[in-house]
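Chain A is the first sequence line, chain B the second, and so forth, proteins listed ahead of strands; every chain is numbered from 1. The analysis underlying the following values was restricted to heavy atoms, covering all of them including side chains, and did not include hydrogens, waters or symmetry mates.
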2 protein chains.
Amino acid sequence: MAERARTYHHGDLRASLVDEAAAMISESGTASVTMRAIGSRLGVSRGAPYRHFPDKTALLVAVAVAGFKRLNRRLGASDTGTSPSSVEQLRRMGEQYVRFALEHPAHYRLMYGKEALARQDQPELRKAAGALLENLVDVIRVHQQRGEIEGGDPRAQAYVAWSAVHGLASLLIEKQIDPNVDVDELIRQTTQTLLGGLRDRSP
Amino acid sequence: MAERARTYHHGDLRASLVDEAAAMISESGTASVTMRAIGSRLGVSRGAPYRHFPDKTALLVAVAVAGFKRLNRRLGASDTGTSPSSVEQLRRMGEQYVRFALEHPAHYRLMYGKEALARQDQPELRKAAGALLENLVDVIRVHQQRGEIEGGDPRAQAYVAWSAVHGLASLLIEKQIDPNVDVDELIRQTTQTLLGGLRDRSP
DNA sequence: CGGGGCATGTTGACCGCGTCAACATACAGG
DNA sequence: CCTGTATGTTGACGCGGTCAACATGCCCCG
(Lines give C-alpha, C1' and ligand atoms only; values in the text may rest on other atoms or scores of the structure.)
Protein backbone atom coordinates (compact mmCIF):
# COMPACT_ATOMS: atom_id res chain seq x y z
CA MET A 1 0.00 0.00 0.00
CA ALA A 2 2.76 2.42 0.85
CA GLU A 3 4.12 1.36 -2.47
CA ARG A 4 1.02 2.54 -4.26
CA ALA A 5 1.19 5.99 -2.79
CA ARG A 6 4.60 6.45 -4.27
CA THR A 7 3.76 5.78 -7.87
CA TYR A 8 1.37 7.68 -10.04
CA HIS A 9 0.37 4.45 -11.66
CA HIS A 10 -1.04 1.87 -9.41
CA GLY A 11 0.32 -1.31 -10.89
CA ASP A 12 -2.66 -3.62 -10.92
CA LEU A 13 -5.58 -1.43 -10.20
CA ARG A 14 -8.12 -3.62 -11.88
CA ALA A 15 -7.53 -6.58 -9.60
CA SER A 16 -7.31 -4.29 -6.58
CA LEU A 17 -10.64 -2.77 -7.44
CA VAL A 18 -12.34 -6.14 -7.49
CA ASP A 19 -10.72 -7.18 -4.24
CA GLU A 20 -11.46 -3.94 -2.49
CA ALA A 21 -15.05 -3.87 -3.69
CA ALA A 22 -15.52 -7.39 -2.39
CA ALA A 23 -14.05 -6.33 0.95
CA MET A 24 -16.36 -3.35 1.18
CA ILE A 25 -19.32 -5.50 0.31
CA SER A 26 -18.44 -7.91 3.08
CA GLU A 27 -17.95 -5.12 5.55
CA SER A 28 -20.98 -2.99 4.91
CA GLY A 29 -23.00 -4.25 1.97
CA THR A 30 -23.12 -3.55 -1.72
CA ALA A 31 -24.77 -0.18 -1.19
CA SER A 32 -21.61 1.04 0.50
CA VAL A 33 -19.57 0.50 -2.65
CA THR A 34 -19.13 3.90 -4.21
CA MET A 35 -16.74 4.89 -6.92
CA ARG A 36 -15.52 7.66 -4.67
CA ALA A 37 -15.20 5.46 -1.61
CA ILE A 38 -13.43 2.62 -3.34
CA GLY A 39 -11.06 5.04 -5.01
CA SER A 40 -10.24 6.72 -1.75
CA ARG A 41 -9.59 3.36 -0.10
CA LEU A 42 -7.12 2.48 -2.80
CA GLY A 43 -5.55 5.90 -2.85
CA VAL A 44 -6.80 6.76 -6.33
CA SER A 45 -9.38 9.21 -7.53
CA ARG A 46 -13.02 8.56 -8.27
CA GLY A 47 -12.37 8.49 -11.99
CA ALA A 48 -9.61 5.94 -11.98
CA PRO A 49 -11.86 2.86 -12.03
CA TYR A 50 -13.30 4.04 -15.35
CA ARG A 51 -10.02 3.14 -17.03
CA HIS A 52 -10.69 -0.50 -16.14
CA PHE A 53 -14.44 -0.83 -16.13
CA PRO A 54 -16.93 0.95 -18.35
CA ASP A 55 -19.20 1.63 -15.38
CA LYS A 56 -19.95 0.64 -11.83
CA THR A 57 -22.14 -2.25 -12.91
CA ALA A 58 -19.26 -3.85 -14.76
CA LEU A 59 -17.15 -3.68 -11.63
CA LEU A 60 -19.87 -5.30 -9.56
CA VAL A 61 -20.30 -7.97 -12.18
CA ALA A 62 -16.61 -8.77 -11.90
CA VAL A 63 -17.03 -9.09 -8.14
CA ALA A 64 -20.01 -11.37 -8.58
CA VAL A 65 -18.12 -13.52 -11.07
CA ALA A 66 -15.26 -13.86 -8.60
CA GLY A 67 -17.81 -14.97 -6.03
CA PHE A 68 -19.14 -17.70 -8.29
CA LYS A 69 -15.64 -18.92 -8.89
CA ARG A 70 -14.89 -19.11 -5.21
CA LEU A 71 -18.13 -20.93 -4.51
CA ASN A 72 -17.43 -23.31 -7.34
CA ARG A 73 -13.97 -24.06 -6.03
CA ARG A 74 -15.36 -24.72 -2.60
CA LEU A 75 -17.96 -27.14 -3.88
CA GLY A 76 -15.36 -28.86 -6.01
CA ALA A 77 -13.17 -29.36 -2.99
CA SER A 78 -15.92 -31.09 -1.09
CA ASP A 79 -16.44 -33.25 -4.15
CA THR A 80 -12.97 -34.73 -4.38
CA GLY A 81 -12.91 -37.92 -2.35
CA THR A 82 -14.80 -40.88 -3.78
CA SER A 83 -15.77 -40.73 -0.17
CA PRO A 84 -18.05 -42.85 1.92
CA SER A 85 -21.70 -43.21 1.26
CA SER A 86 -21.73 -41.13 -1.86
CA VAL A 87 -25.13 -39.69 -1.13
CA GLU A 88 -23.64 -38.36 2.06
CA GLN A 89 -21.05 -36.65 -0.08
CA LEU A 90 -23.72 -35.03 -2.18
CA ARG A 91 -25.41 -33.90 0.98
CA ARG A 92 -22.19 -32.33 2.11
CA MET A 93 -21.99 -30.36 -1.12
CA GLY A 94 -25.32 -28.81 -0.39
CA GLU A 95 -24.17 -28.00 3.08
CA GLN A 96 -21.07 -26.27 1.77
CA TYR A 97 -23.21 -24.26 -0.59
CA VAL A 98 -25.40 -22.89 2.15
CA ARG A 99 -22.45 -22.31 4.40
CA PHE A 100 -20.79 -20.18 1.76
CA ALA A 101 -23.84 -17.97 1.58
CA LEU A 102 -23.93 -17.62 5.35
CA GLU A 103 -20.29 -16.66 5.48
CA HIS A 104 -20.55 -14.10 2.69
CA PRO A 105 -24.15 -12.92 2.73
CA ALA A 106 -23.74 -9.61 0.94
CA HIS A 107 -21.50 -11.14 -1.68
CA TYR A 108 -23.93 -13.98 -2.24
CA ARG A 109 -26.79 -11.52 -2.54
CA LEU A 110 -24.88 -9.64 -5.20
CA MET A 111 -24.22 -12.82 -7.14
CA TYR A 112 -27.92 -13.47 -7.54
CA GLY A 113 -29.28 -9.97 -7.42
CA LYS A 114 -30.15 -9.00 -10.93
CA GLU A 115 -31.50 -5.77 -9.57
CA ALA A 116 -28.10 -4.49 -8.56
CA LEU A 117 -26.50 -5.61 -11.79
CA ALA A 118 -28.34 -3.73 -14.48
CA ARG A 119 -30.97 -5.14 -16.73
CA GLN A 120 -28.64 -6.38 -19.41
CA ASP A 121 -27.59 -10.00 -19.54
CA GLN A 122 -24.02 -10.20 -18.39
CA PRO A 123 -22.37 -13.03 -20.33
CA GLU A 124 -19.52 -13.35 -17.86
CA LEU A 125 -21.94 -13.78 -15.01
CA ARG A 126 -24.01 -16.25 -16.94
CA LYS A 127 -20.93 -18.26 -17.73
CA ALA A 128 -19.76 -18.38 -14.12
CA ALA A 129 -23.17 -19.43 -12.86
CA GLY A 130 -23.41 -21.90 -15.71
CA ALA A 131 -20.18 -23.57 -14.64
CA LEU A 132 -21.68 -24.09 -11.21
CA LEU A 133 -24.71 -25.75 -12.72
CA GLU A 134 -22.60 -27.95 -14.97
CA ASN A 135 -20.65 -29.26 -12.04
CA LEU A 136 -23.83 -30.09 -10.23
CA VAL A 137 -25.20 -31.89 -13.27
CA ASP A 138 -22.04 -33.96 -13.53
CA VAL A 139 -22.19 -35.03 -9.93
CA ILE A 140 -25.82 -35.96 -10.23
CA ARG A 141 -25.14 -37.96 -13.34
CA VAL A 142 -22.52 -39.97 -11.50
CA HIS A 143 -24.92 -40.74 -8.71
CA GLN A 144 -27.57 -41.73 -11.18
CA GLN A 145 -25.22 -44.25 -12.70
CA ARG A 146 -24.56 -45.66 -9.28
CA GLY A 147 -28.28 -46.15 -8.96
CA GLU A 148 -28.54 -43.92 -5.98
CA ILE A 149 -30.67 -41.34 -7.68
CA GLU A 150 -33.66 -41.98 -9.86
CA GLY A 151 -33.30 -41.71 -13.62
CA GLY A 152 -34.51 -38.85 -15.70
CA ASP A 153 -33.04 -35.62 -16.94
CA PRO A 154 -30.10 -34.90 -14.66
CA ARG A 155 -30.28 -31.26 -15.59
CA ALA A 156 -33.79 -30.97 -14.23
CA GLN A 157 -32.71 -32.71 -11.05
CA ALA A 158 -29.79 -30.32 -10.78
CA TYR A 159 -32.18 -27.41 -10.99
CA VAL A 160 -34.30 -28.91 -8.25
CA ALA A 161 -31.28 -29.38 -6.02
CA TRP A 162 -29.98 -25.93 -6.80
CA SER A 163 -33.37 -24.45 -5.98
CA ALA A 164 -33.42 -26.15 -2.61
CA VAL A 165 -30.03 -24.97 -1.44
CA HIS A 166 -30.32 -21.55 -3.00
CA GLY A 167 -33.73 -21.06 -1.46
CA LEU A 168 -32.52 -22.03 1.97
CA ALA A 169 -29.44 -19.86 1.65
CA SER A 170 -31.53 -16.95 0.51
CA LEU A 171 -34.10 -17.22 3.27
CA LEU A 172 -31.34 -17.52 5.84
CA ILE A 173 -29.37 -14.49 4.76
CA GLU A 174 -32.50 -12.40 4.38
CA LYS A 175 -33.34 -13.35 7.93
CA GLN A 176 -36.65 -14.87 7.03
CA ILE A 177 -35.95 -17.81 9.27
CA ASP A 178 -36.51 -17.74 12.99
CA PRO A 179 -33.10 -17.21 14.57
CA ASN A 180 -34.00 -19.72 17.25
CA VAL A 181 -33.98 -22.68 14.92
CA ASP A 182 -30.81 -24.70 14.72
CA VAL A 183 -29.33 -23.71 11.39
CA ASP A 184 -27.10 -26.74 11.10
CA GLU A 185 -30.03 -29.00 11.72
CA LEU A 186 -32.14 -27.15 9.19
CA ILE A 187 -29.46 -27.46 6.55
CA ARG A 188 -29.18 -31.15 7.27
CA GLN A 189 -32.91 -31.59 7.09
CA THR A 190 -33.18 -29.73 3.82
CA THR A 191 -30.48 -31.70 2.07
CA GLN A 192 -31.82 -34.91 3.54
CA THR A 193 -35.34 -34.22 2.33
CA LEU A 194 -34.08 -33.23 -1.07
CA LEU A 195 -32.04 -36.39 -1.46
CA GLY A 196 -34.94 -38.42 -0.14
CA GLY A 197 -37.07 -37.08 -2.94
CA LEU A 198 -34.42 -37.81 -5.53
CA ARG A 199 -33.51 -41.27 -4.29
CA ASP A 200 -34.08 -44.17 -6.59
CA ARG A 201 -36.63 -46.61 -5.20
CA SER A 202 -37.55 -48.45 -8.34
CA PRO A 203 -36.32 -51.85 -7.13
CA MET B 1 -61.50 1.06 5.40
CA ALA B 2 -64.96 1.76 4.10
CA GLU B 3 -65.17 5.55 4.14
CA ARG B 4 -61.46 6.21 4.35
CA ALA B 5 -61.33 7.16 0.72
CA ARG B 6 -63.09 10.46 1.20
CA THR B 7 -60.90 11.72 4.03
CA TYR B 8 -59.00 14.92 3.59
CA HIS B 9 -58.54 16.84 0.52
CA HIS B 10 -56.64 15.16 -2.25
CA GLY B 11 -57.98 11.69 -1.84
CA ASP B 12 -56.21 8.88 -0.12
CA LEU B 13 -52.68 9.62 -1.16
CA ARG B 14 -51.10 7.03 1.04
CA ALA B 15 -52.91 4.15 -0.61
CA SER B 16 -52.37 5.69 -4.03
CA LEU B 17 -48.66 5.87 -3.40
CA VAL B 18 -48.47 2.19 -2.59
CA ASP B 19 -50.54 1.25 -5.62
CA GLU B 20 -48.64 3.50 -7.97
CA ALA B 21 -45.28 2.34 -6.68
CA ALA B 22 -46.35 -1.25 -7.21
CA ALA B 23 -47.42 -0.41 -10.74
CA MET B 24 -44.13 1.29 -11.52
CA ILE B 25 -42.24 -1.67 -10.12
CA SER B 26 -44.17 -4.01 -12.36
CA GLU B 27 -43.61 -1.82 -15.37
CA SER B 28 -39.96 -1.03 -15.05
CA GLY B 29 -38.48 -2.38 -11.87
CA THR B 30 -37.89 -1.06 -8.40
CA ALA B 31 -35.05 1.17 -9.55
CA SER B 32 -37.52 3.20 -11.57
CA VAL B 33 -39.43 4.17 -8.47
CA THR B 34 -38.41 7.70 -7.65
CA MET B 35 -40.02 10.11 -5.28
CA ARG B 36 -40.13 12.62 -8.09
CA ALA B 37 -41.48 10.16 -10.63
CA ILE B 38 -44.16 8.72 -8.42
CA GLY B 39 -45.23 12.17 -7.35
CA SER B 40 -45.50 13.34 -10.91
CA ARG B 41 -47.54 10.29 -11.85
CA LEU B 42 -50.02 11.05 -9.12
CA GLY B 43 -50.06 14.75 -9.79
CA VAL B 44 -48.38 15.71 -6.54
CA SER B 45 -44.97 17.08 -5.76
CA ARG B 46 -41.86 15.17 -4.82
CA GLY B 47 -42.27 16.10 -1.19
CA ALA B 48 -45.83 14.95 -0.75
CA PRO B 49 -45.01 11.30 -0.03
CA TYR B 50 -43.03 12.42 3.00
CA ARG B 51 -46.28 13.28 4.73
CA HIS B 52 -47.19 9.61 4.62
CA PHE B 53 -43.89 7.77 4.80
CA PRO B 54 -40.78 8.81 6.68
CA ASP B 55 -38.61 7.89 3.73
CA LYS B 56 -38.52 5.98 0.50
CA THR B 57 -37.64 2.73 2.21
CA ALA B 58 -40.82 2.87 4.26
CA LEU B 59 -42.85 3.25 1.10
CA LEU B 60 -41.15 0.29 -0.50
CA VAL B 61 -41.69 -1.74 2.64
CA ALA B 62 -45.39 -1.00 2.40
CA VAL B 63 -45.35 -2.21 -1.19
CA ALA B 64 -43.54 -5.37 -0.16
CA VAL B 65 -46.02 -6.00 2.64
CA ALA B 66 -48.88 -5.63 0.18
CA GLY B 67 -47.14 -8.19 -1.99
CA PHE B 68 -46.94 -10.69 0.83
CA LYS B 69 -50.61 -10.21 1.54
CA ARG B 70 -51.54 -10.83 -2.06
CA LEU B 71 -49.37 -13.91 -2.22
CA ASN B 72 -50.86 -15.17 1.01
CA ARG B 73 -54.36 -14.67 -0.27
CA ARG B 74 -53.54 -16.54 -3.42
CA LEU B 75 -52.11 -19.49 -1.56
CA GLY B 76 -55.10 -19.50 0.75
CA ALA B 77 -57.42 -19.68 -2.22
CA SER B 78 -55.71 -22.74 -3.59
CA ASP B 79 -56.02 -24.23 -0.14
CA THR B 80 -59.80 -24.16 0.03
CA GLY B 81 -60.89 -27.43 -1.44
CA THR B 82 -59.86 -29.83 1.29
CA SER B 83 -61.20 -32.79 -0.59
CA PRO B 84 -58.90 -33.82 -3.46
CA SER B 85 -55.85 -35.96 -2.98
CA SER B 86 -54.48 -33.76 -0.30
CA VAL B 87 -50.88 -34.14 -1.29
CA GLU B 88 -51.84 -32.99 -4.73
CA GLN B 89 -53.38 -29.95 -3.12
CA LEU B 90 -50.15 -29.19 -1.30
CA ARG B 91 -48.30 -29.55 -4.54
CA ARG B 92 -50.65 -27.06 -6.12
CA MET B 93 -49.89 -24.57 -3.40
CA GLY B 94 -46.24 -24.71 -4.30
CA GLU B 95 -47.13 -24.24 -7.90
CA GLN B 96 -49.18 -21.16 -7.12
CA TYR B 97 -46.30 -19.77 -5.13
CA VAL B 98 -43.87 -20.02 -8.01
CA ARG B 99 -46.41 -18.75 -10.46
CA PHE B 100 -46.96 -15.63 -8.40
CA ALA B 101 -43.26 -14.88 -8.55
CA LEU B 102 -43.21 -15.40 -12.30
CA GLU B 103 -46.15 -13.08 -12.80
CA HIS B 104 -44.73 -10.33 -10.59
CA PRO B 105 -40.96 -10.76 -10.74
CA ALA B 106 -39.91 -7.28 -9.68
CA HIS B 107 -42.45 -7.19 -6.91
CA TYR B 108 -41.36 -10.59 -5.66
CA ARG B 109 -37.74 -9.51 -5.77
CA LEU B 110 -38.58 -6.50 -3.64
CA MET B 111 -40.37 -8.66 -1.10
CA TYR B 112 -37.26 -10.66 -0.44
CA GLY B 113 -34.57 -8.16 -1.25
CA LYS B 114 -33.18 -6.94 2.00
CA GLU B 115 -30.71 -4.88 0.01
CA ALA B 116 -33.38 -2.59 -1.32
CA LEU B 117 -35.11 -2.29 2.02
CA ALA B 118 -32.45 -0.87 4.31
CA ARG B 119 -30.60 -2.80 6.92
CA GLN B 120 -33.15 -2.24 9.64
CA ASP B 121 -35.54 -4.96 10.56
CA GLN B 122 -38.94 -3.94 9.33
CA PRO B 123 -41.48 -5.36 11.76
CA GLU B 124 -44.33 -5.00 9.29
CA LEU B 125 -42.48 -6.97 6.71
CA ARG B 126 -41.50 -9.61 9.19
CA LYS B 127 -45.09 -9.94 10.26
CA ALA B 128 -46.39 -10.32 6.71
CA ALA B 129 -43.79 -12.93 5.84
CA GLY B 130 -44.44 -14.62 9.15
CA ALA B 131 -48.10 -15.00 8.31
CA LEU B 132 -47.13 -16.80 5.14
CA LEU B 133 -44.98 -19.19 7.09
CA GLU B 134 -47.70 -19.80 9.65
CA ASN B 135 -50.15 -20.78 6.98
CA LEU B 136 -47.67 -23.19 5.54
CA VAL B 137 -47.01 -24.71 8.94
CA ASP B 138 -50.71 -25.21 9.48
CA VAL B 139 -51.20 -26.97 6.20
CA ILE B 140 -48.25 -29.22 6.85
CA ARG B 141 -49.56 -30.08 10.27
CA VAL B 142 -52.84 -31.18 8.78
CA HIS B 143 -51.08 -33.42 6.31
CA GLN B 144 -48.96 -34.87 9.04
CA GLN B 145 -52.05 -35.84 10.97
CA ARG B 146 -53.39 -37.55 7.90
CA GLY B 147 -50.21 -39.58 7.86
CA GLU B 148 -49.19 -38.29 4.46
CA ILE B 149 -46.14 -36.49 5.69
CA GLU B 150 -43.58 -37.83 8.08
CA GLY B 151 -43.63 -36.67 11.68
CA GLY B 152 -41.26 -34.20 13.19
CA ASP B 153 -41.24 -30.49 13.65
CA PRO B 154 -43.73 -29.11 11.12
CA ARG B 155 -42.02 -25.76 11.29
CA ALA B 156 -38.78 -27.24 10.05
CA GLN B 157 -40.62 -28.98 7.26
CA ALA B 158 -42.32 -25.73 6.37
CA TYR B 159 -38.94 -24.08 6.07
CA VAL B 160 -37.75 -26.84 3.80
CA ALA B 161 -40.78 -26.50 1.59
CA TRP B 162 -40.52 -22.73 1.55
CA SER B 163 -36.87 -22.97 0.60
CA ALA B 164 -37.67 -25.20 -2.33
CA VAL B 165 -40.33 -23.01 -3.86
CA HIS B 166 -38.59 -19.75 -3.06
CA GLY B 167 -35.35 -21.04 -4.50
CA LEU B 168 -37.00 -22.12 -7.70
CA ALA B 169 -38.90 -18.87 -7.99
CA SER B 170 -35.76 -16.89 -7.37
CA LEU B 171 -33.66 -18.76 -9.90
CA LEU B 172 -36.40 -18.43 -12.47
CA ILE B 173 -36.93 -14.71 -12.14
CA GLU B 174 -33.20 -14.05 -12.06
CA LYS B 175 -32.97 -15.97 -15.29
CA GLN B 176 -30.54 -18.49 -13.93
CA ILE B 177 -32.48 -21.28 -15.55
CA ASP B 178 -32.11 -22.22 -19.18
CA PRO B 179 -35.07 -20.68 -20.98
CA ASN B 180 -35.41 -23.84 -23.05
CA VAL B 181 -36.53 -25.98 -20.16
CA ASP B 182 -40.23 -26.43 -19.67
CA VAL B 183 -41.03 -24.26 -16.70
CA ASP B 184 -44.30 -25.97 -15.89
CA GLU B 185 -42.58 -29.32 -15.90
CA LEU B 186 -39.78 -28.01 -13.71
CA ILE B 187 -42.22 -26.64 -11.19
CA ARG B 188 -44.02 -29.95 -11.13
CA GLN B 189 -40.79 -31.84 -10.70
CA THR B 190 -39.65 -29.63 -7.87
CA THR B 191 -42.84 -29.90 -5.89
CA GLN B 192 -42.99 -33.61 -6.58
CA THR B 193 -39.45 -34.19 -5.39
CA LEU B 194 -40.05 -32.09 -2.33
CA LEU B 195 -43.17 -33.98 -1.39
CA GLY B 196 -41.42 -37.23 -2.12
CA GLY B 197 -38.81 -36.32 0.43
CA LEU B 198 -41.39 -35.36 3.00
CA ARG B 199 -43.68 -38.32 2.48
CA ASP B 200 -44.21 -40.63 5.34
CA ARG B 201 -42.95 -44.13 4.63
CA SER B 202 -42.74 -45.51 8.12
CA PRO B 203 -45.39 -48.19 7.62
C1' DC C 1 -70.85 31.12 11.39
C1' DG C 2 -66.04 32.49 11.55
C1' DG C 3 -61.37 31.93 12.90
C1' DG C 4 -57.66 29.05 14.23
C1' DG C 5 -55.10 24.85 14.17
C1' DC C 6 -53.55 20.88 12.11
C1' DA C 7 -53.06 17.73 8.42
C1' DT C 8 -51.50 17.89 4.02
C1' DG C 9 -48.98 19.62 -0.13
C1' DT C 10 -45.12 22.72 -2.38
C1' DT C 11 -40.77 24.68 -3.18
C1' DG C 12 -35.89 25.74 -2.64
C1' DA C 13 -31.68 24.05 -1.23
C1' DC C 14 -28.11 20.71 -0.06
C1' DC C 15 -25.40 16.84 -0.55
C1' DG C 16 -23.82 12.52 -2.45
C1' DC C 17 -23.64 9.86 -6.35
C1' DG C 18 -22.41 8.07 -11.35
C1' DT C 19 -20.48 9.67 -15.28
C1' DC C 20 -18.17 12.25 -19.00
C1' DA C 21 -14.80 15.43 -20.99
C1' DA C 22 -10.58 17.83 -20.70
C1' DC C 23 -6.31 17.67 -18.79
C1' DA C 24 -1.97 15.63 -16.50
C1' DT C 25 1.50 12.12 -15.92
C1' DA C 26 4.29 8.11 -16.35
C1' DC C 27 6.04 4.24 -18.71
C1' DA C 28 7.54 1.88 -23.05
C1' DG C 29 9.62 1.42 -27.32
C1' DG C 30 11.87 3.67 -31.16
C1' DC D 1 16.03 11.15 -25.24
C1' DC D 2 11.19 11.66 -27.13
C1' DT D 3 6.88 10.84 -27.99
C1' DG D 4 2.54 8.03 -27.94
C1' DT D 5 -0.46 5.57 -25.24
C1' DA D 6 -2.14 3.76 -21.09
C1' DT D 7 -3.37 5.33 -16.90
C1' DG D 8 -4.84 8.68 -13.27
C1' DT D 9 -7.04 13.47 -11.98
C1' DT D 10 -10.19 17.14 -11.82
C1' DG D 11 -14.23 19.98 -12.87
C1' DA D 12 -18.81 19.87 -14.15
C1' DC D 13 -23.43 18.11 -14.93
C1' DG D 14 -27.68 15.95 -13.86
C1' DC D 15 -30.33 12.97 -10.95
C1' DG D 16 -32.23 11.55 -6.68
C1' DG D 17 -33.35 11.53 -1.49
C1' DT D 18 -34.25 14.50 1.99
C1' DC D 19 -35.05 18.50 5.06
C1' DA D 20 -36.71 23.08 6.29
C1' DA D 21 -39.56 26.86 5.37
C1' DC D 22 -43.62 28.09 3.48
C1' DA D 23 -48.47 27.61 1.58
C1' DT D 24 -53.17 25.70 1.56
C1' DG D 25 -57.38 23.72 2.66
C1' DC D 26 -60.36 21.07 5.85
C1' DC D 27 -62.52 20.43 10.38
C1' DC D 28 -63.69 21.66 14.89
C1' DC D 29 -64.37 24.81 18.65
C1' DG D 30 -66.42 28.68 20.34
Side-chain angles (χ1 to χ4, degrees), chain A residues 1-21 24-25 27-64 110 113 115-120 122, chain B residues 1 3-21 24-25 27-64 106 110 113 115-120 122:
Chain A
M1 313 192 172
E3 193 178 342
R4 280 179 212 141
R6 190 179 308 176
T7 55
Y8 185 83
H9 287 316
H10 182 281
D12 192 1
L13 184 55
R14 188 189 156 98
S16 298
L17 285 168
V18 176
D19 289 350
E20 201 65 26
M24 294 173 73
I25 288 169
E27 290 169 21
S28 21
T30 299
S32 76
V33 176
T34 281
M35 293 312 234
R36 285 161 166 86
I38 194 174
S40 130
R41 266 182 170 232
L42 290 173
V44 296
S45 75
R46 65 186 191 270
Y50 288 90
R51 298 297 166 185
H52 302 273
F53 298 95
D55 53 26
K56 187 185 175 185
T57 294
L59 170 55
L60 291 181
V61 166
V63 175
L110 175 67
E115 191 73 7
L117 299 184
R119 44 245 149 194
Q120 287 294 338
Q122 305 287 154
Chain B
M1 57 152 97
E3 308 307 319
R4 259 286 187 79
R6 63 160 68 183
T7 57
Y8 284 95
H9 56 266
H10 262 332
D12 192 351
L13 183 55
R14 186 189 157 100
S16 299
L17 285 168
V18 175
D19 288 350
E20 200 65 25
M24 294 173 74
I25 287 170
E27 289 169 22
S28 22
T30 300
S32 77
V33 176
T34 280
M35 293 311 235
R36 285 161 166 87
I38 196 175
S40 130
R41 268 183 169 228
L42 290 174
V44 296
S45 75
R46 64 187 191 273
Y50 287 91
R51 297 297 164 184
H52 301 272
F53 298 95
D55 54 27
K56 187 184 176 188
T57 294
L59 170 56
L60 291 181
V61 166
V63 176
L110 174 68
E115 191 72 8
L117 299 185
R119 43 239 149 200
Q120 288 293 340
Q122 306 286 154

- request: Of all the heavy-atom pairs spanning B:A106 and B:G29, show the shortest one and how long it is.
  value: CB-CA, 4.2 Å
- prompt: How far apart are the closest heavy atoms of B:S32 and B:A37, and which atoms are they?
  reply: O-CB, 4.3 Å
statement: Closest heavy-atom pair, A:R46 versus A:R36, reported as atoms and distance to 0.1 Å, is CB-CG, 3.7 Å
Value in whole Å for how far the C1' atom of C:dT8 lies from CG of B:L17: 12 Å
message: Counting primed atoms plus P, OP1 and OP2 as sugar-phosphate and everything else as base, spell out the protein contacts along nucleotides 13-20 of chain D at 4.0 Å heavy-atom distance: B, S or - for each nucleotide, 5' to 3'.
response: ---BBB--
A:T57: which of A:L60, A:D55, A:L59 passes side chain to side chain contact (heavy atoms under 4.5 Å, CB included): A:D55
Shortest non-hydrogen separation from A:A62 to A:V18 and the atoms involved: CB-CG2, 4.0 Å
Distance in angstrom units between A:L59 CG and C:dT19 P, rounded: 10 Å
Heavy-atom pair of closest approach, residues B:V33 and B:A21: CG2-O, 3.9 Å
- prompt: What's the CD1-C1' distance between A:I38 and C:dG18, to the nearest Å?
  reply: 14 Å
- prompt: Between B:H52 and C:dG9, does any side-chain N or O lie under 4.0 Å from OP1 or OP2?
  reply: yes
- prompt: Between atom CZ in A:F53 and atom C1' in C:dG18, what is the gap in whole Å?
  reply: 16 Å
